[in-house]
Number of protein chains: 2
Amino acid sequence: MDNEAANFEICSCNVIHEDVVNRVRKNMIDDDEATDLAEFFKVFGDETRIKILNALFSSEMCVCDIAALLDMNQSAISHQLRKLKQARLVKSRRDGKVVYYSLNDEHIEQVFHQGLSHVRE
Amino acid sequence: MDNEAANFEICSCNVIHEDVVNRVRKNMIDDDEATDLAEFFKVFGDETRIKILNALFSSEMCVCDIAALLDMNQSAISHQLRKLKQARLVKSRRDGKVVYYSLNDEHIEQVFHQGLSHVRE
DNA sequence: GTATTATATGAACAATTGTTCATATGTTCT
DNA sequence: AGAACATATGAACAATTGTTCATATAATAC
């Protein structure tokens with residue numbers, strides 16, 4: 001029977017609602033997409049990066065200015081900016097020695113503020 | 001001078017655009033709020049929890065069914081559900097021995113899908 | 001009461017992450 | 001060319017995180 005197959009030692013308990021599980025399974029996100037999405041949110045999951053993003057809502061900024069604003073050293077900020085850039089949350093442009101960072105698109109601000117309204121509830 | 005104060009060894013480089021920094025500082029998020037927001041997004045930043053949330057878009061589910069769906073043991077799922085509940089992303093109701101979990105509000109799905117449209121770009 | 005089942009939880013461990021330090025790269029100015 | 005400055009990056013370390021295992025709690029059935 002199907003029920004016996006489902007009980008195949010997946011967890012210490014048995015599948016209780018096989019119909020629900022089968023129906024939900026049809027709508028499940030791909031493994032790859034779940035990984036990408038988790039990686040995306042991980043980038044938001046750090047106080048320093050939250051502050052950097054929040055700062056960039058106001059203005060593009062160079063690395064030194066962000067470091068001064070957040071009272072952190074240049075290296076730490078640079079490492080974080082790299083992560084933000086790899087996740088395509090920010091973009092950069094170079095002007096001489098100075099590299100300016102800014103938000104990559106408006107999705108970012110929307111996600112940010114949706115999160116903010118949740119935590120403010 | 002103000003400029004000398006600003007150069008006060010905050011980072012290895014100097015503040016380049018003091019006016020920008022001062023203006024941005026006015027719009028900065030509180031430390032506490034930044035922490036809360038980062039904590040909120042951290043909860044989204046895990047593949048297992050992403051899948052659990054995605055599953056709950058389709059239907060409320062009990063712990064066993066989620067464990068079976070994701071092919072993980074009951075304890076791992078229970079730990080993750082606790083985190084989701086602490087962050088108020090899911091709520092639970094007990095019916096006899098079985099505890100059913102469901103999404104706490106629609107914010108969650110909005111954040112989720114905004115993130116998804118970013119990673120799909 | 002005991003047995004069984006569903007869920008929760010604490011401890012331990014491996015894996016990941018953020019910051020610091022030292023140093024490298026890239027650009028401008030002299 | 002070399003000096004000065006802004007930024008990037010690799011290695012190391014501490015701190016955090018997710019899973020597993022063992023066990024505890026809670027509800028039902030006998």
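Every chain is numbered from 1 and lettered A, B, ... according to where its sequence line falls, protein lines coming before strand lines.
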Could you work out, with side chain to side chain contact (heavy atoms under 4.5 Å, CB included) as the rule, every residue matching [X], not counting sequence neighbours?
X: B:Gln86; value: B:Arg82
X: A:Lys97; value: none
X: A:Val24; value: A:Val20, A:Met28, B:Ala55, B:Ser58, B:Ser59, B:Met61, B:Leu69
X: B:Asp31; value: A:Glu47, A:Lys51

To the nearest angstrom, how far is [X] atom [atom1] from [N] atom [atom2]?
X: B:Met61; N: C:dA6; atom1: CE; atom2: P; answer: 14 Å
X: A:Leu81; N: D:dA8; atom1: CG; atom2: P; answer: 7 Å
X: B:Leu84; N: C:dT7; atom1: CG; atom2: C1'; answer: 16 Å
X: A:Ile77; N: D:dT9; atom1: CD1; atom2: C1'; answer: 15 Å
X: B:Phe44; N: D:dT17; atom1: CZ; atom2: C1'; answer: 18 Å
X: A:Glu39; N: C:dT16; atom1: CD; atom2: P; answer: 10 Å
X: A:Phe41; N: D:dG18; atom1: CZ; atom2: P; answer: 15 Å
X: B:Lys85; N: C:dT7; atom1: NZ; atom2: P; answer: 13 Å

Worksheet item: From D:dT9, D:dT17, C:dT17, pick the nucleotide closest to the side chain of B:Lys42?
Response: D:dT17
Worksheet entry | Non-neighbouring partners of A:Arg88 that pass salt bridge (Lys or Arg N to Asp or Glu O under 4.0 Å), sequence neighbours left out | B:Glu121
Worksheet item: With sequence neighbours left out, what residues match A:Glu39 under salt bridge (Lys or Arg N to Asp or Glu O under 4.0 Å)?
Response: A:Lys42
Discussion item. By the 4.0 Å heavy-atom rule, please label A:Tyr101 as base, sugar-phosphate, or nothing.
Written reply: sugar-phosphate
Worksheet item: According to the interplanar angle, ranging from 0 to 90°, do the rings of B:Phe41 and B:Phe44 count as parallel (below 30°), tilted (30 to 60°) or perpendicular (above 60°)?
Response: tilted
Discussion item. Taking ring pair (Phe, Tyr, Trp, His ring centres under 6.0 Å) as the cut-off, I'd like each qualifying pair that reaches into residues 50-100 of chain B, sequence neighbours left out, listed once.
Written reply: A:His17-B:Tyr100, B:Phe57-B:Phe112, B:Phe57-B:His113
So which protein nitrogen or oxygen atoms get under 3.5 Å of nucleotides 19-24 of chain C's nitrogens or oxygens?
unit_1 : atom_1 : unit_2  : atom_2 : d
C:dT19 : OP1    : A:Thr48 : OG1    : 2.8
C:dT19 : OP2    : A:Gln80 : NE2    : 2.3
C:dT20 : OP2    : A:Asn73 : ND2    : 2.9
C:dT20 : O4     : A:His79 : NE2    : 3.3
C:dC21 : N4     : A:Ser75 : OG     : 2.5

Response to the item:
Residue set satisfying side chain to side chain donor-acceptor pair (under 3.5 Å) with A:Ser117, at least two apart, ordered chain then number -> B:His107
Worksheet entry | Qualifying residues under side chain to side chain donor-acceptor pair (under 3.5 Å), relative to A:Glu33, sequence neighbours excluded | B:Arg120
Short heteroatom pairs, N/O only, protein and nucleotides 24-30 of chain D, under 3.5 Å:
none

Fill in: A:Arg49 side chain near A:Leu89 side chain, heavy-atom distance below 4.5 Å
no
Fill in: DNA chain D contacts among residues 50-60 of chain A, heavy-atom distance under 4.0 Å
none
Worksheet entry | Presence of B:Lys83 side-chain N/O under 4.0 Å of D:dG18 phosphate oxygens OP1/OP2 | yes
